[in-house]
Amino acid sequence: MQTLKKWLKNNLAHTQARLVLILTVLVFLIILAVSLTSYYTSKSVLQEELSEPQRQMLQLNMNVIDDSINESDQVAIKVALNDHIYNFLTNEVQNSYANISELYQLLSTLIGNSKYIKSIYVYDIARGSFISIPQGYSSSKLTFIDSEWVSVAGEFNDKLRIIKKRQVPEGAGGKGSEVALFRKIMIQGEFKGIVAVNLKDEELFAKLNPPVMNNLNRMRYIIDEHDEVLFSVSNYAFDQETIRQELGKLKEDGSGDITYQNRKLLVNQLKSPVTGWKYVSIVVQDSLLAKSKKIRNATLLVSIAALALGGVTIFYINAAAFRPVRRLKQLFSTYDRKANVSGGIDLEKLTGELLSNHAHLSQLVRETMSEASSKMLYDIYIGNLTGKRDIGEKWIRYFGEWTEAPVTVVVLSIDRYDEWSQIYLGGDRSLLKFALANIVAELFEREWRIVCTDFGKDKTAILLQPLGGGEQLEKKLAESIEVVCRLLKFSISAGISTTQTDIARLKQAMLEAENALTYRLYQGYGQVIPFHEVSGHEVKELLPNEGVLNDLINAIEAGDQQQSQDAIERMVRHIRGQYGYPSEAVSFLQTAVERIEELRPAAEGAADPIYERFDTLHLDDVQSEMTSWIVPIAERFHRLIESKDFIMCHRMIDYMKQHLSEPIGIPEIAESIGISSSLASQVFKQESGETIYNYLTQLRMERAAELLLKTDNRISDIALMVGYQHENSFIRSFRKYKDITPGKYRDMMRTRMDSLLE
């Protein structure tokens, strides 16, 4: 700012220079305003004429794709609610010929009746088996070539449906597809299986290919909820990653223009309410604005030329003010400078400021030497500084006052860190850790050289070297822990490394101190744990296996709170009794938490708190926290098992199956369980996601399909057997449900089954 003021002072010292500057700026602004107004007016008109049809076309394409997705989802629902799927997931013998044949018939019909479905897989989560079209039955993921998608089970949370892009394994391209729809199969409130509907990409996205219009360069593509490109079509090469970054700058309605490789792109973006996908249409508008740009550029050049001419004029008028070399020579070559030399006083003042800044910088470097030494220790810890030569050079530079006496690393850790971090905000945490380091440094500095560094989260590291004899380290650390607890109102523990004479082994010392600190799990809070006391620890037996954890999970799912608490007590008692390595015990406990958390519906949110850092806890607290944490989960399972609505829904389904041949309706079904028709419809929709009428029709059509395939009864007789009094009504319903008449369905399915048996 001071330099700019001096430059303006020198160049505006003359009246002529000021006048030229004012006239130049006015001419420049007038020409610039005309240029920009003309360009942006024409640009706005062209964009309005081009954007609206693009947006309408994108909306139509999105509606077509959403309808296709909804149609495919209805297919997935039919599969999930099918009785044969229920038998496949619950019967002890999965691969019975009758059930597999029925499933093959069901899946074949659904695939044949949809132009968007390539194949359908059904996965049994408990047994890891598959039934699919066209692969057939497979009892294991190892024999099912397209099985990598089953990890999607962990992504559902509280959602019933997921649509995503996936990688199809080599060799499965003819069966699987990159875009698939996955739907949960819930049986009695338990997540038992997954329906995977593989969609035909070319059919699903066929409408997205834009027609050629006016030779415009354009692109359309779809981005899923994870910002991955599902499909794109273009007649021009675009960098999709760069384009996606620029899309965040669009208006709230998803329209606007962006700049890509010095080209202006007109963008329209819509978000599907069905899938959450973003549909993007991009058109290069340079060709439309070419003439406007030429006019704009010409006027800009004229304005710049006028500005440059004014600048040259001002420079010529003030030529005497631009002689820095001569002034420097006058300033530094002689002591008898003339007081009236133009600019000399200013340069002398500037030189004084430079010297003053240099002195200030030198002082700042000296004051920050401790920060530099702390940074060196942190770089060694995270692995940014590993070479013995590099460590030695920086040691000499930052630790010049230290001697060759042995050094020791101490790592301090905040006990119950997760609870502590929830009490204090981010800024307060930094202040408290700074206060912790200052307290320890003040207690040690009389008899020890000390450098503190923050290792992040709960840890603070200390490098110590005795000045003389030095007070016993463990005793001094115990005193420091007591003072910190009294002043800062929280507890810390300390791990001590062995002494080191070779500075190249500082990383080893840090690891020793951290290793010693992990034994807080067994020894408790506020402890000083030297590495030499735990380095000889040997494990004779393994830590608890999966059986212990499975007992806990089974007790929770059974809704038995007391049995769940007993299982946790046995697990912790076993860990303490076996006295395994703390790192393995912590890993096992974290696995247990993750397994238990999977039982919690995502809509309920996480427990408060969930301990992510078991390595800062004592086993007694681990047991207490886990015991209180599982109680509401077990209660939820207990309530679910005794759910009244769930029982009523299945009683209605049983009644429909038993009276399928009778002309029953919603009133009869509601009366069978003693509630009103409206309440019955509400309960059934809530528990099954389907209406009573649609579910009853589905049962009738599935029974009719079975009779058509397995018997030679007439169509009219089969209609009566599934509750239809008139043959024509039955044929209309069957055709609406199966997209084929009953007679043609019988002929087609029998021909297909004969070919399979051959």
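All residue numbers refer to positions in the sequence shown, counting from 1.
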Inset, instruction - For Lys433, look at atom NZ and say whether over 12 heavy atoms of other residues, nucleotides or ligands are found less than 6.0 Å away. - result: yes
Inset, instruction - List the steps, then state whether salt bridge (Lys or Arg N to Asp or Glu O under 4.0 Å) holds for Lys476 with Glu447. - result: CA-CA 10 Å; Lys476 198 67 178 178; Glu447 299 181 7; over 6 Å; no
Inset, instruction - Start with the C-alpha distance between Lys475 and Glu479, add both sets of side-chain angles, then the distance that settles salt bridge (Lys or Arg N to Asp or Glu O under 4.0 Å), and finish with yes or no. - result: CA-CA 6 Å; Lys475 180 179 179 181; Glu479 178 187 351; over 6 Å; no
Inset, instruction - Say whether, by atom type as modelled, one donor and one acceptor occur between the side chain of Ser497 and the main chain of Glu512 under 3.5 angstrom. - result: no
Inset, instruction - Classify the angle between the aromatic ring planes of Trp402 and Phe399 as parallel (below 30°), tilted (30 to 60°) or perpendicular (above 60°). - result: perpendicular
Legend entry - Approximate separation, where rounding is to 0.5 Å, of Glu419 CD and Phe490 CZ: 13.0 Å
Legend entry - Nearest-0.5 Å distance, CD1 of residue Ile380 to CG of residue Asp390: 10.0 Å
Legend entry - Thr518 versus Asp615, side-chain donor and acceptor atoms under 3.5 Å: no
Inset, instruction - Look up atom OH in Tyr525 and atom CD1 in Ile481, then write down how far apart they are to the nearest 0.5 Å. - result: 14.0 Å
Inset, instruction - Could you pull out all residues at least two apart from Glu445 that satisfy side chain to side chain contact (heavy atoms under 4.5 Å, CB included)? - result: Glu442
Legend entry - Heavy-atom neighbours of Lys192 NZ exceed 12 at 6.0 Å: no
Legend entry - Main-chain N/O of Phe531 paired to Tyr519 side chain as donor or acceptor, under 3.5 Å: no
Legend entry - Test ring pair (Phe, Tyr, Trp, His ring centres under 6.0 Å) applied to Tyr424 - qualifying residues, sequence neighbours left out: Trp420
Legend entry - Ala435 to Leu488 - nearest heavy-atom pair and separation: CB-CD2, 4.1 Å
Inset, instruction - Sequence neighbours left out, what passes salt bridge (charged side-chain N to carboxylate O under 4.0 Å, His left out) with Lys159? Give chain and number order. - result: none
Legend entry - Whether Phe191 and Phe156 hold their rings parallel, tilted or perpendicular, with breakpoints at 30° and 60°: perpendicular
Legend entry - Greater than 12 external heavy atoms within 6.0 Å of Phe434's CZ: no
Legend entry - Interatomic distance, Trp149 atom CH2 to Lys141 atom NZ [nearest 0.5 angstrom]: 10.0 Å
Inset, instruction - Quick one: do Arg397 and Met376 satisfy side-chain contact (heavy atoms from CB on, under 4.5 Å)? Show the steps, please. - result: CA-CA 11 Å; Arg397 185 184 309 167; Met376 173 186 167; over 6 Å; no
Inset, instruction - Return yes when atom CZ of Arg446 has more than 12 non-hydrogen atoms of other residues, nucleotides or ligands closer than 6.0 Å, and no otherwise. - result: no
Inset, instruction - Considering non-hydrogen atoms only, spot the tightest contact between Ser373 and Val451 and give its length. - result: OG-CG1, 3.8 Å
Legend entry - Exceeds 12 heavy-atom contacts within 6.0 angstrom, atom CZ of Arg161: yes
Legend entry - From Asp458 atom CG to Tyr417 atom OH, the distance as rounded to the nearest 0.5 Å: 6.5 Å
Legend entry - Nearest heavy atoms of Pro466 and Pro406, plus distance in Å: CD-O, 3.7 Å
Legend entry - Validation row: Leu473, Phe444 side chains within 4.5 angstrom (heavy atoms): yes
Inset, instruction - Could you tell me whether the side chain of Arg416 reaches within less than 4.5 Å of the side chain of Ser491, counting heavy atoms only? - result: no
Inset, instruction - Give me the ring orientation class for Phe455 and Tyr378: parallel if the planes are under 30° apart, tilted from 30 to 60°, perpendicular past 60°. - result: tilted
Inset, instruction - Apply side-chain contact (heavy atoms from CB on, under 4.5 Å) to Ser413 and Thr616, showing your working. - result: CA-CA 7 Å; Ser413 173; Thr616 65; 4.1 Å; yes
Inset, instruction - Can you measure from CG (Asp418) to NZ (Lys457) and round to the nearest 0.5 angstrom? - result: 8.5 Å
Legend entry - Glu401 atom CD, over 12 foreign heavy atoms within 6.0 Å: no
